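Reckoned from all heavy atoms, side chains included, excluding hydrogens, waters and symmetry mates. This structure is a prediction, so every number in the text was calculated from the model and none was measured. For reference, positions follow the sequence shown, starting with 1.
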Amino acid sequence: MPDVIVMHVSFQHRRQRLLAQLGDAIAILPTAPEVIRNADAHYPYRGDSHFLYLTGFAEPEAVLVLDGKAGKALLFCRDKNPDSEIWDGFRYGPAAAAEAFGFDEAYSISELDQRLPPLLAEHAALYWAVGRDNGWDARIAGYLQQARQQARVGKDAPQQYGDLLAMIDEMRLIKDEREIAVLQQAGRISAEGHVRAMQACRPGMMEYQIEAELLYHFVRHGARQPAYESIVAGGANACTLHYAANNARLNDGELLLIDAGCEFNGYAGDITRTFPVNGRFSGAQRDVYEVVLAAQLAAIAAVQPGARLDAPADAALRVLVQGMLDLKLLAGSVDGAIESGDYRRFYMHGIGHFIGLDVHDVGARRPGGQWRSFQSGMCTTIEPGLYIRPDDRVPVAFHNIGIRIEDNVLVTDDGHQVYTDDVPKRIDDIEALMKQH
């Protein structure tokens, strides 16, 4: 138990920060429900990211209540139940959860409906995940109605309401030391999985066989779930951005695009690499690849504290468009192609996204309509690409070439750190690695 307590000190600190913001308010935050997959079998359980961020408590059927007036964090969770634990495994129960996770008070989840209305009646404002779950919106409306009925005894129900998730999103935007360490571990495991996939790849294999190499490495190193559905896309399939069938044969002379990452202790890795199935880039593949790589390096260089969040996208776009002009995929000038949007035939997505407890992590990029600036502790992906479908206007040698290169980047006090660069991305390094196996 002492090790658990030490590990969860950071969760207590986060709750204290949020309590300080609440003032004379109360906040309610449930974790995610369990979801049936088929018959009586569930999908693997994964708690709500906001709830996990504040509690570290990974069991289902739990609710966090933050009492701003009293400065207390309350947990409602499942009771200890020896019979249920025989079937489904260990559960903390309220008393042990309070001790292990540093809650001020903990109660049975069965007491939630009884205890919440009186608590609401003692606060001026109420925060919850407004509009996120119709069931919880209705449930909280019922609690408020009961709280209003206590006016006859001199207690007023909350008169002000707010979105709790918006407050937590701002906190989650800047990663603390513990989060950074876990993200880096997720990045390392993910990178090693990509290396394993490169080493295993041979013409004639199936996409799902390469996916199996990734998943094997993730699980073997303690990451039992991928952070998202893996994309293992050979040949023309790489031109479908969210391809996930992973059931085609890998052909000699084609490229393989893999977009995959593990989830480790709740935090995501997200890496994309594109490489030749046979270990050698063709001339056309090499030409397109070098454009995408140059764009990625330019975008990564633009990730600096104080720089606007759109700086990497602007840097990458100019490199990509110039490359498309050089390859005769576009005509005219860089500025003209950008202004017309003609480049979107081959590059139709953004440069990246925040990454953390969610793969596409929370945090407003343009609060108030103005671009936010990078700050130390932010984590982002950088992932330019080119996707060239067959077209009469496109040289045949480039048909069905889809290339994306993606890394995870931490903003530091004096620049940035690419913490997923253990997997090669330069052509000579990729070919050398694949030649060895």
Side-chain angles (χ1 to χ4, degrees), residues 31-32 35 43-53 58 129 132 165 168-176 178-194 197 211 214-215 217-219 221-233 238 240-244 246 257-274 296 299-300 303 309 312-313 348-365 374 377-385 404-411 416-423:
T31 193
V35 179
Y43 283 102
Y45 183 71
R46 206 278 193 176
D48 173 77
S49 292
H50 290 89
F51 183 89
L52 291 174
Y53 177 78
R132 188 184 188 192
L165 301 193
I168 306 173
D169 287 354
E170 282 297 302
M171 294 174 61
R172 286 176 56 187
L173 191 60
I174 306 298
K175 275 55 180 177
D176 59 32
R178 177 190 175 276
E179 291 182 285
I180 291 169
V182 179
L183 277 165
Q184 289 172 332
Q185 181 66 359
R188 279 191 291 271
I189 296 170
S190 300
E192 291 164 1
H194 278 260
E211 181 182 17
L214 290 160
L215 298 179
H217 188 85
F218 294 169
V219 175
H221 289 82
R224 291 199 54 223
Q225 301 293 333
Y228 52 96
E229 193 168 18
S230 301
I231 297 169
V232 184
T240 300
L241 299 186
H242 289 164
Y243 174 81
N246 298 353
L257 184 155
I258 299 177
D259 187 338
C262 73
E263 181 176 290
F264 182 75
N265 285 357
Y267 285 78
D270 185 1
I271 300 173
T272 306
R273 289 293 186 267
T274 310
Q296 199 218 23
I300 290 173
V303 178
L309 291 186
M348 62 292 292
H349 59 75
I351 195 62
H353 50 80
F354 295 131
I355 185 167
L357 276 166
D358 294 306
V359 181
H360 289 243
D361 210 31
V362 296
R365 300 178 68 84
F374 284 112
M378 290 181 176
C379 285
T380 185
T381 66
I382 296 293
E383 50 180 304
R404 182 164 65 253
I405 308 171
E406 177 182 19
D407 280 296
N408 305 158
V409 183
L410 168 68
V411 185
H416 60 260
Q417 177 199 3
V418 182
Y419 62 87
T420 53
D421 59 1
D422 288 342
V423 52

Visitor: Listed by chain and number, what are the side chain to side chain contact (heavy atoms under 4.5 Å, CB included) partners of Glu229, not counting sequence neighbours?
Guide: Ala244
Visitor: Residues two or more places apart in sequence or in another chain: which of them pass salt bridge (Lys or Arg N to Asp or Glu O under 4.0 Å) with Arg46?
Guide: Glu263
Visitor: Using the test side chain to side chain contact (heavy atoms under 4.5 Å, CB included), find all partners of Ala299 that sit at least two apart in sequence or belong to another chain.
Guide: Pro312, Ala316, Ile351, Ile382
Visitor: Could you check whether Glu406 and Gln296, counting side-chain N and O atoms only, form a donor-acceptor pair closer than 3.5 Å?
Guide: no
Visitor: When you check the side-chain N and O atoms of Asp270 and Thr381, is any donor under 3.5 Å from an acceptor?
Guide: no
Visitor: Using the test side chain to side chain donor-acceptor pair (under 3.5 Å), find all partners of Asp361 that sit at least two apart in sequence or belong to another chain.
Guide: Arg172, Lys175
Visitor: Going by distance alone, is a donor N or O of one side chain under 3.5 Å from an acceptor N or O of the other, for Asn408 and Thr420?
Guide: no
Visitor: Report the residues that fulfil side chain to side chain donor-acceptor pair (under 3.5 Å) with Asp421, sequence neighbours left out, ordered by chain and then residue number.
Guide: none
Visitor: Between Tyr267 and Ser49, do the side chains contain a donor N or O and an acceptor N or O under 3.5 Å apart?
Guide: no
Visitor: Sequence neighbours excluded, which residues qualify as ring pair (Phe, Tyr, Trp, His ring centres under 6.0 Å) partners of His349?
Guide: Tyr347, Tyr387
Visitor: Quick one: salt bridge (Lys or Arg N to Asp or Glu O under 4.0 Å) partners of Glu179, sequence neighbours excluded?
Guide: Arg14
Visitor: My understanding is that only residues two or more places apart in sequence, or in another chain, count here; which of them pass side chain to side chain contact (heavy atoms under 4.5 Å, CB included) with Ala191?
Guide: Ile271, Asp422, Val423
Visitor: Report yes or no: is the cationic atom of Arg365 (NZ for Lys, CZ for Arg) under 6.0 Å from the centre of the six-membered ring of Phe354, at an angle within 45° of the ring normal?
Guide: yes
Visitor: In Å and rounded to the nearest 0.5 Å, what is the NE2 to SG distance from His353 to Cys379?
Guide: 12.0 Å
Visitor: Listed by chain and number, what are the salt bridge (Lys or Arg N to Asp or Glu O under 4.0 Å) partners of Arg132, not counting sequence neighbours?
Guide: Asp48
Visitor: Which residues pass the side chain to side chain donor-acceptor pair (under 3.5 Å) test with Thr380, not counting sequence neighbours?
Guide: none
Visitor: Among all residues two or more places apart in sequence or in another chain, which pass the side chain to side chain donor-acceptor pair (under 3.5 Å) test with Glu170?
Guide: Arg372
Visitor: Taking only residues two or more places apart in sequence, or in another chain, which ones meet Asp259 in a salt bridge (Lys or Arg N to Asp or Glu O under 4.0 Å)?
Guide: Arg404
